[in-house]
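Please read the structure below before turning to the comments.
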Amino acid sequence: MILQSGHGEEICIEKLVQRERNMGNLAGLMLQKTKKIAYVGCGDFHSVALTNKGEIYSWGGGGNAFNRGQLGHGLQNGQNIDMDEPKRIEALGGKEFVQVATGGYHTLALSAENELYAWGSGLYGECGFGDFANTPLPKRVVFNQPP
């Protein structure tokens, strides 16, 4: 299986697992042992995993310089939160998700009810909220109906 890393390089899943073991970063591997992962995605400084039960986990962040809320865990003391291990995005509630996608600094998720959620960087309007603000928690994208 081939995956794509955050900076566009392709990597074989076996090499990814070996690299994670070599780096001592077992967070993603531990998630795999406790949950059945249906999809993984990598942004520039964050990763997400969608389980076969429709739950979304995220980790990474990039610190103050690169965290735009792309993890979806909100703010702590006015700052976006970094995670050093996978954490379920609680703000999504009990909704079931069928797809998740990552951009460099934002994340999109499609629910089983065909609702689109976005969070993270809005510098160029990539979250689709009609503004250019960062969004640290998932928010539903509303599509305008034609007149």
Side-chain angles (χ1 to χ4, degrees), residues 1-13 16-17 19-20 25-147:
M1 176 192 300
I2 301 292
L3 301 176
Q4 191 169 22
S5 74
H7 289 284
E9 51 205 53
E10 290 185 350
I11 187 166
C12 175
I13 189 69
L16 177 66
V17 169
R19 183 180 76 184
E20 293 297 308
N25 180 4
L26 298 178
L29 298 176
M30 294 308 293
L31 179 64
Q32 276 189 300
K33 288 184 178 197
T34 60
K35 301 281 184 181
K36 290 194 184 279
I37 304 302
Y39 177 81
V40 295
C42 306
D44 283 354
F45 293 94
H46 74 297
S47 300
V48 296
L50 174 67
T51 71
N52 67 332
K53 303 270 189 201
E55 302 169 319
I56 299 176
Y57 289 76
S58 66
W59 63 99
N64 290 335
F66 299 105
N67 193 327
R68 309 285 192 282
Q70 62 265 34
L71 296 183
H73 297 298
L75 300 174
Q76 185 175 51
N77 299 321
Q79 299 290 320
N80 288 303
I81 301 169
D82 283 4
M83 293 289 153
D84 60 357
E85 59 186 40
K87 180 180 179 191
R88 185 171 183 223
I89 301 176
E90 296 170 10
L92 294 171
K95 288 192 175 289
E96 179 185 353
F97 288 84
V98 296
Q99 189 174 359
V100 64
T102 55
Y105 300 96
H106 71 291
T107 306
L108 301 172
L110 182 64
S111 76
E113 292 85 29
N114 202 39
E115 297 171 330
L116 182 64
Y117 288 80
W119 58 94
S121 176
L123 182 62
Y124 301 104
E126 54 266 60
C127 285
F129 302 133
D131 61 20
F132 299 97
N134 294 340
T135 306
L137 289 169
K139 183 176 167 184
R140 187 172 173 202
V141 178
V142 178
F143 291 86
N144 292 325
Q145 297 297 321

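Treat the numbers as computed from the prediction; the structure is a model and nothing was measured.
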Donor-acceptor pairs are to be reported for all side-chain atoms of residues 87-105 against protein atoms at under 3.5 Å, with residues two or more places apart or in another chain.
unit_1: Arg88; atom_1: NH2; unit_2: Gly93; atom_2: O; d: 3.2
unit_1: Lys95; atom_1: NZ; unit_2: Glu115; atom_2: OE1; d: 2.9
unit_1: Thr102; atom_1: OG1; unit_2: Cys42; atom_2: N; d: 3.3
unit_1: Thr102; atom_1: OG1; unit_2: Cys42; atom_2: O; d: 3.2

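- Annotation: the span from His46 atom NE2 to Met83 atom CE amounts to 13.5 Å, rounded to 0.5 Å.
- Rounded to the nearest 0.5 Å, atoms CG (Leu108) and CH2 (Trp119) are 7.5 Å apart.
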Evaluate Phe143 against Leu116 for side chain to side chain contact (heavy atoms under 4.5 Å, CB included), listing each step before the verdict. CA-CA 9 Å; Phe143 291 86; Leu116 182 64; 3.8 Å; yes
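- For residues 105-114, no pair satisfies salt bridge (Lys or Arg N to Asp or Glu O under 4.0 Å), with sequence neighbours left out.
- Closest approach of Tyr57 to Trp59, counting heavy atoms only: O-CZ3, 4.1 Å.
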N/O donor to acceptor pairs below 3.5 angstrom from side-chain atoms of residues 61-75, sequence neighbours left out:
unit_1: Asn67; atom_1: OD1; unit_2: Gly69; atom_2: N; d: 2.8
unit_1: Asn67; atom_1: ND2; unit_2: Ile81; atom_2: O; d: 3.1
unit_1: Asn67; atom_1: ND2; unit_2: Asp82; atom_2: OD1; d: 2.5
unit_1: Arg68; atom_1: NH1; unit_2: Ala65; atom_2: O; d: 3.0
unit_1: Arg68; atom_1: NH1; unit_2: Phe66; atom_2: O; d: 3.3
unit_1: Gln70; atom_1: OE1; unit_2: Arg68; atom_2: N; d: 2.6
unit_1: Gln70; atom_1: NE2; unit_2: Gly61; atom_2: O; d: 3.1
unit_1: Gln70; atom_1: NE2; unit_2: Phe66; atom_2: O; d: 3.2
unit_1: His73; atom_1: NE2; unit_2: Ser58; atom_2: OG; d: 2.8

Using distance only, find each side-chain donor-acceptor pair of residues 126-136 under 3.5 Å and give its atom names and separation, not counting sequence neighbours.
unit_1: Glu126; atom_1: OE1; unit_2: Leu123; atom_2: N; d: 3.4
unit_1: Glu126; atom_1: OE1; unit_2: Tyr124; atom_2: N; d: 2.7
unit_1: Glu126; atom_1: OE2; unit_2: Ser121; atom_2: OG; d: 3.3
unit_1: Asp131; atom_1: OD1; unit_2: Ala133; atom_2: N; d: 3.4
unit_1: Asn134; atom_1: OD1; unit_2: Gly122; atom_2: N; d: 3.1

